[in-house]
2 protein chains.
Amino acid sequence: MSIKHVILGYLSWQPLTGYDLKKIIAASETLPWSANNNQIYRALVQLHEDGWVSKMVENQEGAPDRHVYRATDAGRKALRDWVQTPPGPPQSKKAFLHQLMWGDCLEGEQVDSLLAAYLEEVNNKVFLLRVQADRKPDTPDRTPREAFLWKSICQNWIGQYEAEAHWIRETRRALQENAPRWG
Amino acid sequence: MSIKHVILGYLSWQPLTGYDLKKIIAASETLPWSANNNQIYRALVQLHEDGWVSKMVENQEGAPDRHVYRATDAGRKALRDWVQTPPGPPQSKKAFLHQLMWGDCLEGEQVDSLLAAYLEEVNNKVFLLRVQADRKPDTPDRTPREAFLWKSICQNWIGQYEAEAHWIRETRRALQENAPRWG
DNA sequence: GATGACATGTAATTCGTTACATGATTCC
DNA sequence: GGAATCATGTAACGAATTACATGTCATC
């Protein structure tokens, strides 16, 4: 039920509609949700039921009404409580490593080209993260410390993918060095 | 549908029962499934329907029958095809970073102790991964290359968590240095 | 005339987790 | 007597994805 809190976080920063949130989540390289309406709109209904957000309907002409949500005081309190919950370790799904576990059934060159393709994917991620880090419309920086935290979080993601890229290069090198000995 | 292929991989290495697989998955720090029976036994049924594994029932006295599965030739072929599918980027869920995004609503010391708790979690993960790397009952090494691949994959995971630990230390240091300026 | 942005939502389906259910044996 | 291991499976629920559904306006 973390998406509720993530949404609550953004609503504690500024009033937003479901559609705004959808765009934010879709544009983000680091929010692990697919920006599907179902989850977002249901989360907003639940947050409203919990009294953590308030809702205001803005009538528009020739367009659907905008349902604008913002965090209430109770919501801000709930957010602070959640922020302080004991952190769990990060959890990664590296499907490629599961493929590579059985890579010994392939030829050496095939393994190498898989690693090359993986490197491209990872480099592309780094690129997208850097782009996202540069333009910041969806980034709060109400205090220097908040700005630092967000920059720092962004660096975390970039660093992770760079570490992955480094591992790929090292692994390819080692495989190539040993290729003569083990096909 | 990746769990099917992961299971198929293990069955291409050696014959196993659902219960064996459950233990392997539960013991693994890197397989992102919770070793629930439901998924495992359904996957085995499906793999059998696909003709990718064969099933042999071993009668036992005073204990339930063992349903031993092993990969068929068709299964090995399907595995090879899957191993060669284009790799996707790794995907991580770092719930803590989502908490930290709104960490500016806390005091400096609270943020620091959150980071300290996160560091402990991450260090613990590194420890568990190292332990798992040392004793290898569930690790195939039919060829030097396979042994290398598995070791390499293990290093990947350790490296990732070590990078995370490094980031935490850097972030704490930076926050402490700036604490006088920004509360 | 088609595509895409704006803006709301629902339905169908799959994926994943927890808990339930059974039953013998062994170890503490 | 109670817990753990062996060994199979099912049920109930929750989380997540994809696709469906509607309607206006602006742009190409």
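Since we're looking at a predicted model, the values are computed, not measured. In what follows, chains carry the letters A, B, and so on, assigned in the order in which the sequence lines appear, proteins first and then strands, with residues in each chain numbered from 1.
- Here C/dC15 presents its P atom at 12 Å from NE2 of B/His5, a figure rounded to the nearest Å.
- Between B/Glu58 atom CD and D/dT8 atom C1' there is a gap of 14 Å when expressed in whole angstrom units.
- Side-chain N/O atoms of B/Gln39 include one lying less than 4.0 angstrom from OP1 or OP2 on C/dT17.
- Look at CD1 on A/Ile40: it is 15 Å from C1' on C/dT10, rounded to the nearest Å.
- The aromatic rings of A/Tyr69 and A/His48 stand perpendicular to each other, their planes meeting at an angle above 60°, with 30° marking the opposite boundary.
- Comparing C/dT18, D/dA16, C/dG9 by their closest approach to the side chain of A/Asn37 singles out C/dG9.
- In this structure, CE of B/Met56 is placed 17 Å from P of D/dA7, rounded to the nearest angstrom.
- The side chain of A/Arg66 approaches C/dA7 more closely than any other nucleotide in the set C/dA7, C/dT17, D/dA7.
- Ion pairing between a basic and an acidic side chain is recognised when a charged N comes within 4.0 Å of a carboxylate O; A/Asp141 and A/Lys151 show no such pairing.
- The phosphate of C/dC6 (OP1 or OP2) has no side-chain N or O of A/Gln60 nearer than 4.0 angstrom.
- A/Asp73 has no carboxylate O lying under 4.0 Å from a charged side-chain N of A/Lys77, or vice versa, which leaves the two without a salt bridge.
- The CZ-C1' distance, from A/Arg42 to C/dT8, rounds to 16 Å in whole Å.
- A heavy atom lying under 4.0 Å from DNA chain C marks the following residues of residues 7-35 of chain A, by number: A/Thr17, A/Gly18, A/Tyr19, A/Lys23.
- When the side-chain nitrogen and oxygen atoms of A/Asn38 are compared with OP1 and OP2 of C/dT10, none of them lie within a distance under 4.0 Å.
- With respect to B/Glu164 and B/Lys125, no salt bridge is recorded, no charged nitrogen being found less than 4.0 Å from a carboxylate O.
- Salt-bridge check for A/Asp112 with A/Arg172: passed, with a basic side-chain N closer than 4.0 Å to an acidic carboxylate O.
- Dashed line: the shortest gap from a side-chain N or O of A/Tyr41 to OP1 or OP2 of C/dT8 is under 4.0 Å.
- With C/dA7, C/dG16, D/dA16 as the choices, the nucleotide that has an atom nearest any side-chain atom of B/Asn36 turns out to be C/dG16.
- Below 30°, between 30° and 60°, or above 60°: for A/Trp150 and B/Trp102 the angle between ring planes is above 60°, a perpendicular geometry.
- Salt bridge absent: A/Glu29 and A/Arg130 never bring a charged side-chain N and a carboxylate O closer than 4.0 Å.
- With DNA chain D read from its 5' end, the first of the two nearest nucleotides for A/Pro64 and B/His67 is the one closest to B/His67.
- Between B/Lys93 and D/dA15 there is no side-chain N or O to OP1 or OP2 distance below 4.0 Å.
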